[in-house]
Protein chains: 2
Amino acid sequence: MPTAPDDERVALSAFGRRVRELRKELGLSQEELADRADLHRTYVGSIERGERNVALINIHRLAKALGVPPGDLL
Amino acid sequence: MPTAPDDERVALSAFGRRVRELRKELGLSQEELADRADLHRTYVGSIERGERNVALINIHRLAKALGVPPGDLL
DNA sequence: ATGTGACTTGGAGTCCGTT
DNA sequence: AAACGGACTCCAAGTCACA
């Protein structure tokens, strides 16, 4: 997202870092998390790198796969 | 979102209800909230009706406009 | 096992209007 | 003030080949 303002890119990065953090706590690979959340492996990767402006439904899928309430990801 | 599974549409509706709830607490119209969040009037309306799969950046914008942490909206 | 660039497609998001 | 529709633009979603 090259055109997004700074603070908005920061929000995406923070979200990605949080996902990665929780995933590692569970000892999962990106691929395993992707399978649990019914998402693509490379898509999860790009989310963790803060490159994606993830929408609500996928936030819920990730939260469920990570075993936390959705609000915990932001 | 006609193709989305039930529980995912429920998640969108819950989000919309929460936005409407907080907006009314502040005594704002949809248009005033839209202006504060730098979103379009009709878009905020459709979000409140649970018709939109809102993306992360717009969740942040709405949260900011409503004066709550983003996690409070989900 | 993860990063990355490129790609297509569906839907996010805008703008015009009427009810 | 809000719901809703049509027509549009552009980006999120989802996948792939390759590093």
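Residue numbering restarts at 1 for every chain, and letters A, B, ... go by the order of the sequence lines. FYI, side chains are in, hydrogens and waters are out, and symmetry mates aren't considered; it's all heavy atoms of this structure.
Among residues two or more places apart in sequence or in another chain, the side-chain hydrogen bond (donor to acceptor under 3.5 Å, both in side chains) test is passed with A/T42 by none. Partners of A/A34 according to the side-chain contact (heavy atoms from CB on, under 4.5 Å) rule, which considers only residues two or more places apart in sequence or in another chain, are A/V44. Checked against side-chain hydrogen bond (donor to acceptor under 3.5 Å, both in side chains), B/R17 has no partners two or more places apart in sequence or in another chain. Residues satisfying the side-chain hydrogen bond (donor to acceptor under 3.5 Å, both in side chains) test with A/Q30, not counting sequence neighbours, are A/E48. Not counting sequence neighbours, the partners of B/R41 by the side-chain contact (heavy atoms from CB on, under 4.5 Å) test are B/E31. B/S13 meets the side-chain hydrogen bond (donor to acceptor under 3.5 Å, both in side chains) test with no other residue; sequence neighbours excluded. With sequence neighbours excluded, the residues satisfying salt bridge (charged side-chain N to carboxylate O under 4.0 Å, His left out) with A/R61 are B/E8. For B/E21, the salt bridge (charged side-chain N to carboxylate O under 4.0 Å, His left out) criterion is met by B/R18, not counting sequence neighbours.
In this structure, B/L12 atom CG and C/dG11 atom P are separated by 12 Å, rounded to whole Å. In this structure, CD1 of B/I57 is placed 12 Å from C1' of C/dA12, rounded to the nearest angstrom. The CD-C1' distance, from B/E48 to D/dA3, rounds to 11 Å in whole Å. Between the CD atom of A/E51 and the C1' atom of C/dG5 there is a distance of 10 Å, given to the nearest Å. Distance A/D38 CG to D/dT15 C1': 14 Å, rounded to the nearest Å. One can place CZ of B/R52 at 14 Å from P of D/dA12, the figure rounded to the nearest angstrom. A/H40 places its NE2 atom 11 Å from the P atom of D/dG14, with the value rounded to the nearest Å. The distance from atom CG of B/L56 to atom C1' of D/dA12 is 12 Å, rounded to the nearest whole Å.
Using a 4.0 Å cutoff on non-hydrogen atoms, the parts of residues 26-37 of chain A near DNA chain C are A/S29, A/Q30, A/E31, ordered by number. For the segment residues 61-74 of chain B, the set of residues with a heavy atom within less than 4.0 Å of an atom of DNA chain C is empty.
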Might you list the N or O atoms of the protein lying below 3.5 Å from N or O atoms in nucleotides 17-19 of chain C, with each pair's distance?
| residue | atom | partner | partner atom | Å |
| --- | --- | --- | --- | --- |
| C/dG17 | O6 | B/R41 | NH2 | 2.8 |

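Here the side chain of B/L39 is nearest to one of C/dG3, D/dA13, C/dT14, namely C/dT14.
For the OP1/OP2 pair of C/dG3 and a distance below 4.0 Å, the side-chain nitrogens and oxygens of A/R49 include at least one atom meeting the criterion. The side chain of B/N53 places no N or O atom within less than 4.0 Å of a non-bridging phosphate oxygen (OP1 or OP2) of C/dG11. Listed pair A/R23 / C/dT2 meets the phosphate criterion, a side-chain N or O lying under 4.0 Å from OP1 or OP2. Contact annotation: A/N58 reaches the phosphate of D/dA13 (side-chain N/O to OP1 or OP2, under 4.0 Å).
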For residues 67-74 of chain A, which side-chain donor-acceptor pairs fall under 3.5 Å, sequence neighbours excluded?
none

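In this structure, CG on A/L56 lies 5.5 Å from CD1 on A/I59, to the nearest 0.5 angstrom.
Both A/L26 and A/I47 are part of a single hydrophobic cluster, where members link through side-chain heavy atoms under 4.5 Å apart.
Using modelled atom types, no side-chain atom of A/N53 and backbone atom of B/A55 make a donor-acceptor pair closer than 3.5 Å.
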